[in-house]
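Data first, discussion second: the structure below is written as structure tokens.
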Amino acid sequence: MRIAEVVASRATCDRKHVGAVIVRDKSILATGYNGSIRGLPHCDEDGHLIEDGHCVRTIHAEANAIIQAARNGVRIDGATVYVTASPCWGCFKMIANAGLSRVVFGEFYRDERIFRFATELGIELAPLERRETPA
């Protein structure tokens, strides 16, 4: 998850920085962060595009990680995605259709439906337990 947090630092929408890392057998397959469509200005350059209280200029971290894997011909079926915030409904649907079998997330963010459908689909949703690090 620490790697997902570093990836999130690259996000270009200042409303929320999210990072995702897709992993199988302890190997990183793809990463993604929330940012604008390739080749278009980012929120931090051009401002937000707000609809229903959400910035729709950006592509979410999970989607960008899945897209990166597809662009590079990397098979992600059965892999785990580590994401700094739980997936929205749209990203959850992409995760399911991409064949990811496990989602480890940091903070819960916005959509309870993912829990019901993950159970139906056999996708493990695992909130990350934060451990205190000794000083």
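One is the number of the first residue; the rest follow in order along the sequence.
Residues Ile3 and Val83 fall into different hydrophobic clusters, defined by Ile, Leu, Val, Met, Phe, Trp and Tyr side chains chained together at heavy-atom separations under 4.5 Å. Val81 and Val104 are members of different hydrophobic clusters when ILVMFWY side chains are connected at heavy-atom separations under 4.5 Å. Under a hydrophobic-cluster definition in which Ile, Leu, Val, Met, Phe, Trp and Tyr are linked whenever side-chain heavy atoms come within less than 4.5 Å, directly or via other members, Val103 and Phe117 are assigned to the same cluster. Residues Val21 and Ile66 fall into different hydrophobic clusters, defined by Ile, Leu, Val, Met, Phe, Trp and Tyr side chains chained together at heavy-atom separations under 4.5 Å.
Nearest heavy atom pair, residue Pro127 against residue Leu125, reads CD-O, 3.7 Å. Between Thr58 and Cys43 the shortest heavy-atom distance is CG2-SG, 3.8 Å. Nearest heavy-atom pair, Val23 versus Ala79, reported as atom, atom and distance to 0.1 Å: O-CB, 3.3 Å. The shortest non-hydrogen separation linking Cys91 to His60 is SG-CB, 3.3 Å.
Residues satisfying the salt bridge (charged side-chain N to carboxylate O under 4.0 Å, His left out) test with Arg71, not counting sequence neighbours, are none. In this structure Tyr109 satisfies the ring-ring contact (aromatic ring centres under 6.0 Å, His included) test with no other residue, sequence neighbours excluded. Residues satisfying the salt bridge (charged side-chain N to carboxylate O under 4.0 Å, His left out) criterion with Asp77, sequence neighbours excluded, are Arg75. Under the rule for a side chain to side chain donor-acceptor pair (under 3.5 Å), the partners of Arg113 that lie at least two apart in sequence or sit in another chain are Asp111. Every residue two or more places apart in sequence or in another chain that forms a side chain to side chain donor-acceptor pair (under 3.5 Å) with His42 is listed here: Thr12. Remark: Asp25 pairs with no residue by the side chain to side chain contact (heavy atoms under 4.5 Å, CB included) rule, at least two apart or across chains. By the side chain to side chain donor-acceptor pair (under 3.5 Å) test, Asp46 is found to be paired with no residue, residues two or more places apart in sequence or in another chain being considered.
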Start with the C-alpha distance between Glu107 and Ser86, add both sets of side-chain angles, then the distance that settles side chain to side chain contact (heavy atoms under 4.5 Å, CB included), and finish with yes or no.
-> CA-CA 6 Å; Glu107 71 171 295; Ser86 62; over 6 Å; no

Review item, side-chain donor-acceptor pairs of residues 30-38, under 3.5 Å, at least two apart:
| residue | atom | partner | partner atom | Å |
| --- | --- | --- | --- | --- |
| Asn34 | OD1 | Val18 | N | 2.9 |
| Asn34 | ND2 | Lys16 | O | 2.5 |
| Ser36 | OG | Pro41 | O | 3.0 |

Got a list of side-chain donor-acceptor pairs under 3.5 Å for residues 49-56, not counting sequence neighbours?
| residue | atom | partner | partner atom | Å |
| --- | --- | --- | --- | --- |
| His54 | ND1 | Arg110 | NH1 | 2.6 |

Under 3.5 Å, which donor-acceptor pairs link side chains of residues 93-100 to any protein atom two or more places apart or in another chain?
none

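The shortest side-chain heavy-atom distance between Phe115 and Phe108 falls under the 4.5 Å cut-off.
To the nearest 0.5 Å, atoms CG (Leu128) and CE (Met1) are separated by 4.5 Å. Between Ile76 atom CD1 and Ile22 atom CD1 the span is 4.0 Å, to the nearest 0.5 Å. One distance of note links OH of Tyr82 with CZ of Phe105; it measures 13.5 Å at 0.5 Å rounding.
The main-chain N or O of Gly78 is found under 3.5 Å from a side-chain atom of Ser101 such that the two form a donor-acceptor pair.
Counting only residues at least two apart or in different chains, salt bridge (charged side-chain N to carboxylate O under 4.0 Å, His left out) contacts with residues 54-68 are absent. Pairs engaging residues 114-125 under the side-chain hydrogen bond (donor to acceptor under 3.5 Å, both in side chains) rule: Arg102-Glu124 [sequence neighbours left out].
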